[in-house]
Amino acid sequence: MLLQAFAISPLLMVGIGAMLLMMAEAFSKVRGGLALGAAAVCFAGVACAAGVWMYGVETIPGIDAFSPWLRVDRFSLFFDALLCLGAGLSCLMAGGYLPEHNLDRGEFYSLLLLSTFGAMILSAAGDVLTLFLGLETMSLGVYCLAAFRRASARSSEGALKYFLLGSFAAALLLYGFALLYGVTGHTDLQGIGDAMAKGNIRNPMAIMGLVLILVGLAFKVSAVPFHMWTPDAYEGAPTPATNFMAVAVKGAAFAMMLRVLLTAFGDPRSASWASGWPPALAWIAVITMTVANLVAGRQESVKRMLAYSSVAHAGYILVGMVATMHSATQASAGVLFYLLTYTVSTAGAFGALILCGRRGAEAVTYEDLAGIGRRHPAAALPFAFFLLSLAGVPPTAGFFGKWFVFRSAMEGGFYWLTIIAFINSVIGAYYYLRVLVFMYMREPAAGAPVATPMRSGYVTAALILSAVLVIALGLTPTKSLSVVFQAAAIFGG
Amino acid sequence: MIPVEYYVGLSAILFLIGGIGFLVRRNVLVALMSIEVMLNATNLALVAFNRQHAQVHTGQVLSFFVIAVAAAEAAVGLAIVLSFFRLKRTVRSDEADLLRN
């Protein structure tokens with residue numbers, strides 16, 4: 001019993017921590033410190049996940065008591081740690097950002113933690129019931145975070161679009177699963193998968209279900225052409241919430257995608273090029289990368305550019321997803337490693353963007369950043385570093401993330417897909433480098449507002465943490481590779 | 001006894017009505033209602049399919065959870081619509097046009 005509680009301790013930590021934080025916010029008169037508390041809860045969640053991982057989750061007796069509702073395995077532990085890391089970095093950023101921009105209301109942190117809790121449930125869900133509950137717990141929290149700037153028309157507009165399309169996608173996903181339940185009589189993913197392997201996939205109702213589920217998943221990972229909400233929601237939300245959406249929500253959505261496609265549709269027939277989901281996913285990946293990269297280059301706002309860049313990264317990850325049809329373990333390990341590098345690089349980039357602005361002068365556009373490299377090198381340097389990692393310049397983490405995903409696509413024989421992905425990452429370098437050009441080679445136009453960086457220990461701490469991880473992942477990828485391989489091993493084969 | 005297929009057909013029609021309503025209507029409140037129709041179509045399908053697989057009540061239980069979640073979703077959704085309305089004095093989604101490109 002105690003060991004079972006230990007096995008789900010990351011979930012308990014974040015769930016109970018969120019409740020306690022909500023109480024503390026409601027009943028204590030002390031302001032401030034909430035950010036530190038929330039970040040501490042998140043990093044304690046990382047520590048718990050690491051502890052269970054090292055103890056060996058397979059050796060805990062009675063671990064099957066949670067299944068099929070929750071699959072407590074190395075895959076879900078990996079995501080527990082990843083999502084808590086992303087959430088913790090967002091909390092640290094919020095600790096600097098919210099007071100600076102006069103938004104310091106405590107519910108931000110409990111919403112963020114409860115949303116993280118939902119994301120963790122989602123990544124561990126082995127049944128449609130928990131999958132839907134986790135998805136909605138996560139999404140409802142994030143809708144509120146996106147609408148957090150109540151006085152801003154942009155914020156509520158972005159949140160409105162996000163809410164409408166997000167709920168629409170959830171309804172599509174759910175109807176798809178309802179159809180599958182009709183065909184197979186199962187709501188647990190493993191049961192659906194077993195029934196699919198017996199040839200049920202030829203049933204037109206099952207095909208319809210698969211299509212609806214794919215569309216719903218594409219909405220949630222913001223793949224083109226289902227990405228319309230992404231730039232608006234990302235731009236309107238306060239930047240720490242944007243970071244949370246880009247990092248944790250996207251990570252959990254990909255965890256759901258991996259589990260659903262590889263467990264419920266992992267049989268040789270559904271996962272084949274001739275009669276399954278891989279070709280649909282491959283085309284979505286191609287459109288996603290190309291459209292996102294072309295549109296990102298035309299943006300005037302850096303925040304919006306980063307939103308499109310996160311769409312483009314979803315495209316690269318989808319390339320890895322397609323490759324799972326040949327080697328489930330190796331390709332999904334590539335996807336997990338990519339998510340890890342993407343998390344730390346994106347968090348760093350958003351943190352640096354926060355650091356470059358202050359009250360009344362939030363740095364948002366390229367013009368805002370003009371010349372900041374010479375005036376405030378301490379703020380510009382980390383920004384440049386994380387953008388280089390996002391662009392995939394060696395020896396940063398981003399380079400190895402791309403390397404492993406592209407390599408697994410090559411080994412799966414998807415040469416054309418790899419070439420398109422490679423061309424796209426070259427196009428992508430253009431708009432990342434454009435920020436560097438503005439920061440280091442341009443001077444602000446006469447009379448234009450000049451961004452001055454804020455001072456905040458919280459944001460600095462978040463930046464240092466992400467920078468250490470980016471460098472560590474870039475210099476010694478072997479260690480973390482063995483971790484992602486163990487996490488991906490649950491898919492076997 | 002009415003065959004299960006009829007219920008499933010009805011639920012598919014409801015789902016389509018909801019989906020088309022969501023995509024076509026520009027009033028945010030109608031879009032919200034369309035989503036509710038879609039979720040209820042799902043509930044109908046789940047309960048109907050449960051009769052085919054009557055050994056366990058998975059479908060019915062799932063539909064209860066969907067009802068609860070739909071209520072929570074409506075609460076958050078209406079709050080967001082309200083905050084949008086307060087700032088823009090409209091609930092038409094084509095006037096949500098500040099964010100572009």
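Only heavy atoms go into these numbers, but all of them, side chains included; no hydrogens, no water, no symmetry mates.
B/Phe22 touches chain A through its side chain: at least one heavy atom from C-beta onward sits under 4.5 Å away, while N, CA, C and O do not. Within the 4.5 angstrom heavy-atom criterion, atoms from both the backbone and the side chain of B/Ala12 approach chain A. Using a 4.5 Å cut-off between heavy atoms, B/Ala48 does not touch chain A at all. Of the two parts of A/Thr137, neither the backbone nor the side chain holds a non-hydrogen atom closer than 4.5 Å to a non-hydrogen atom of chain B. For chain B, no part of A/Ser139 is nearby; none of its heavy atoms comes within less than 4.5 Å. Both the backbone and the side chain of B/Ala96 come within less than 4.5 Å of a heavy atom in chain A. Contact of A/Phe132 with chain B is made through the side chain alone, with heavy-atom distances under 4.5 Å.
Remark: A/Met228 CE is packed, more than 12 non-hydrogen atoms of other residues, nucleotides or ligands lying under 6.0 Å away. By the neighbour-count criterion of 12 heavy atoms within 6.0 Å, atom CZ of B/Arg51 is densely surrounded, having more than that number from other residues, nucleotides or ligands. Atom CG of B/Leu23 has more than 12 heavy atoms from other residues, nucleotides or ligands within 6.0 Å. Residue B/Arg25 qualifies as open at atom CZ: its count of foreign heavy atoms under 6.0 Å is 12 or below.
The nearest pair of heavy atoms linking A/Leu129 to B/Leu62 is CD1-CD1, 3.4 Å. Residue B/Thr42 comes nearest to A/Ala171 through the heavy atom pair OG1-O, 4.4 Å, listed as atom of the first residue, atom of the second, then distance. Across A/Thr184 and B/His53, no two heavy atoms sit closer than the pair C-CE1, 4.1 Å. When every heavy atom of A/Tyr175 is checked against every heavy atom of B/Ser11, the shortest pair comes out as OH-OG, 2.7 Å. Residue A/Ser156 comes nearest to B/Ile80 through the heavy atom pair O-CG2, 4.2 Å, listed as atom of the first residue, atom of the second, then distance. In this structure, B/Leu87 and A/Ala151 approach most closely via the heavy-atom pair CD2-O, 3.7 Å.
Note that the CG atom of A/Leu174 and the CZ atom of B/Phe65 stand 13.0 Å from one another [nearest 0.5 Å]. The CD1 atom of B/Ile35 lies 5.5 Å from the CG atom of A/Leu164; values are rounded to the nearest 0.5 Å.
For the pair A/Leu172 and B/Met38, the minimum side-chain heavy-atom distance is below 4.5 Å. Side-chain contact between A/Met205 and B/Phe49: present, with at least one pair of heavy atoms (C-beta onward) separated by less than 4.5 Å. The closest side-chain heavy-atom distance from A/Cys144 to B/Val76 is below 4.5 Å.
Although no hydrogens or angles enter the test, the distance criterion places a donor-acceptor pair under 3.5 Å between the side chain of A/Tyr181 and the main chain of B/Gly59. With hydrogens and angles ignored, the 3.5 Å screen pairs no side-chain donor or acceptor of B/Glu73 with any backbone N or O of A/Ser167.
When B/Asn43, B/Leu46, B/Val61, B/Val8 are compared by the number of non-hydrogen pairs under 4.5 Å with chain A, B/Leu46 comes out ahead. With chain A as the partner, the residue from B/Val66, B/Val4, B/Val56, B/Val81 showing the most heavy-atom pairs under 4.5 Å is B/Val66.
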